[in-house]
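Just below is one structure, and these are the notes that go with it.
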Amino acid sequence: MLSEERRVEESALTQPASGRLANPDVRDEFGLETLDMNMGPQHPAMHGLLRLILELDGETVVRCDPVMGYLHRCQEKIAENRMYPAVIPLTDRLDYFANMHNEHGYVLAVEDVLGVEVPPRAEYIRVLMCELMRLASHIPSVGFLMLELGAFTPILYSFRERERIQSIFEAVTGARMMFHYIRIGGVKADLPEDIPQKIWDYVETLEANFQRDFVDLIQGNEIFISRTRGVGKMTQEKALEMGVTGPALRCTGVDFDIRRDYPYSIYPELEFDVITDTAGDVEASYRVRIAECLQSIRLIKQCLEKMPEGEVLGDTGRRIRPAEGEGFGRVESPRGEYAVHVVSDGTDTPYRVHYRDPSFCNMQLLQEVVPGHYLPDIMPIMGLVDPVSGGWDK
Amino acid sequence: MPQVGQGILKGMGITLKHLFGKKITRMYPEYKRDLPERSRGMLTVDMDRCIACLQCMRICPDHCISIEQTKRDADGSGKPKPYAIGFVIDDSRCMYCSLCVEVCPVNCIYHTEEFEAQAYNRLELARQFGERPVDPTIDPKPPVKKKPKKAAASADGDAPKRAPKKVPPKKAPKEGAAA
Ligand code: SF4
Ligand code: SF4
């Protein structure tokens with residue numbers, strides 16, 4: 001079908017991007033110059049506030065430079081002036097589609113430098129919440145991908161599911177998005193009494209509806225296939241070179257998942273598969289996300305079954321004042337590896353907090369992958385990367 | 001290759017099924033759902049119970065609580081105690097993080113179910129609770145950094161004051177900057 005003729009030029013896959021970008025004056029055989037165009041920062045289809053400087057040769061993109069920084073909030077600097085617990089609500093505002101993972105990463109880093117014991121029930125609740133968050137992030141990203149291809153229905157279905165998950169979060173944490181739930185040494189409060197049953201029921205219904213609403217609806221659709229198959233194709237080597245993580249890496253066939261390879265929390269006790277695909281294009285990333293949702297459902301069920309009784313907040317003392325040193329925490333957020341580095345100088349406030357956000361690191365993929373594609377293919381590729389504005393700008 | 005059009009028809013069938021299903025949207029201002037018990041809305045404070053310990057003001061990361069403190073013999077015991085004569089919560093800055101609620105020793109500051117905080121003017125969002133209004137635009141003092149004793153004792157003049165010991169040399173501030 002169409003996929004044959006739309007394959008990316010071989011040079012785009014093999015030549016380094018810098019070489020292509022250094023060529024200031026690309027002319028075609030008629031001596032016509034290329035056209036510079038700005039896409040965003042205020043673009044209806046753009047993921048948040050991102051500006052792409054495009055160089056177009058007809059309708060083919062020759063160069064694509066993402067410009068970030070329109071949502072920069074100095075998160076790392078603010079964190080240096082706040083006490084350790086008061087940084088947690090800030091991390092919620094980083095990647096606002098993976099708030100639980102942000103909190104979890106920061107808290108792991110502080111616990112690393114503080115050396116505090118976390119009760120097992122708290123670990124289970126953390127993982128339960130993180131996996132629900134992964135569902136609440138992967139399902140809308142599939143919806144957004146379809147929205148960018150012009151299909152409006154899937155986004156409604158995916159937001160219906162997201163709203164339901166958010167209602168669970170609201171009952172547990174008190175807020176729908178900015179949770180401030182995972183604390184240093186555990187979680188804020190135990191699950192309300194009826195919530196485990198509610199989560200179980202919800203996950204069962206989702207499992208029953210998932211095939212119909214997200215797989216049957218999309219998979220096999222001719223428009224979807226012709227717009228995504230072979231688009232944004234990326235080789236394994238290139239993905240590894242660029243440090244891409246998450247579904248964007250796994251869809252090229254690299255078997256890498258922080259949950260399994262650098263285990264944290266209680267993931268070693270749980271059973272799950274790391275999903276990979278070989279195609280490395282937009283369609284493969286869709287398949288990876290869909291399969292990861294099913295794995296998340298599996299993890300949620302295991303968490304609910306195995307959850308022990310007991311405390312949920314370990315003793316950290318009245319003031320959190322770690323000794324001098326540094327801590328590191330890395331988690332698998334829905335977009336890839338999210339890591340936090342905290343340096344303590346023995347005071348109430350961190351000396352330095354650094355976030356490695358997957359949205360930011362995966363973004364460089366655009367420069368490498370987009371050249372050679374048609375202009376309308378940029379949006380599906382954005383769906384492959386699935387960056388979140390709050391994540392890349394911090 | 002699947003027959004062209006089959007996938008689209010299948011998708012349309014699913015959409016059609018949902019069309020005749022139950023409606024899942026609700027009209028918000030007319031219909032308000034019940035909020036869960038833990039839901040965090042706008043803050044309110046019970047001034048009768050407040051002991052003016054200022055802990056909420058100190059912990060608030062956004063400096064949105066300002067308290068004016070005096071000494072008053074409120075309960076007639078003959079001993080003047082700290083009393084919050086002015087208490088303002090500036091909702092335009094509050095991020096509903098609940099840190100102040102958790103720190104209050106007498107649980108007199110709490111979240112209500114109200115969440116519709118809208119006003120034409122930012123200052124309208126500053127809600128006064130005390131007898132005397134407090135200017136919400138004045139920041140209460142940010143938390144004072146207490147240096148550990150051993151850091152103060154180091155006689156090394158060149159070393160930057162807050163540099164931790166164990167950081168790799170790359171991450172520590174440059175020596176030249178402090179000299
Ligand atoms: S909820 Fe948070 S931001 Fe709001 S007043 Fe309390 S501590 Fe400050
Ligand atoms: S923490 Fe509670 S008692 Fe203390 S000043 Fe604040 S509201 Fe009053």
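Protein chains get the first letters and strands the later ones, always in sequence-line order, with residue 1 at the start of each. Bear in mind the structure is a predicted one, so any value in this text is a computation, not a measurement.
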Worksheet item: For A/Pro192, is it the side chain, the backbone, both, or neither that has a heavy atom closer than 4.5 Å to a heavy atom of chain B?
Response: both
Discussion item. What part of A/Phe179 gets within 4.5 angstrom of chain B, counting heavy atoms only: side chain, backbone, both, or neither?
Written reply: backbone
Worksheet item: Which one, A/Ile88, A/Val87, A/Asp190, A/Asp92, leads in non-hydrogen pairs under 4.5 Å with chain B?
Response: A/Asp190
Worksheet item: Taking A/Thr153, A/Ile78, A/Ile223, A/Val172 one by one, which has the highest count of heavy-atom pairs under 4.5 Å against chain B?
Response: A/Val172
Discussion item. Surrounding CG of A/Asp201 (heavy atoms of other residues, nucleotides or ligands, distance under 6.0 Å), is the total greater than 12?
Written reply: yes
Discussion item. Given 3.5 Å as the limit, does a donor-acceptor pair link the side chain of B/Arg40 with the main chain of B/Tyr96, or not?
Written reply: yes
Worksheet entry | Expected output: side-chain A/Glu76 to main-chain A/Tyr355 donor-acceptor under 3.5 Å | yes
Discussion item. Salt bridge check, B/Asp62 against A/Arg82: does any charged N sit closer than 4.0 Å to a carboxylate O?
Written reply: yes
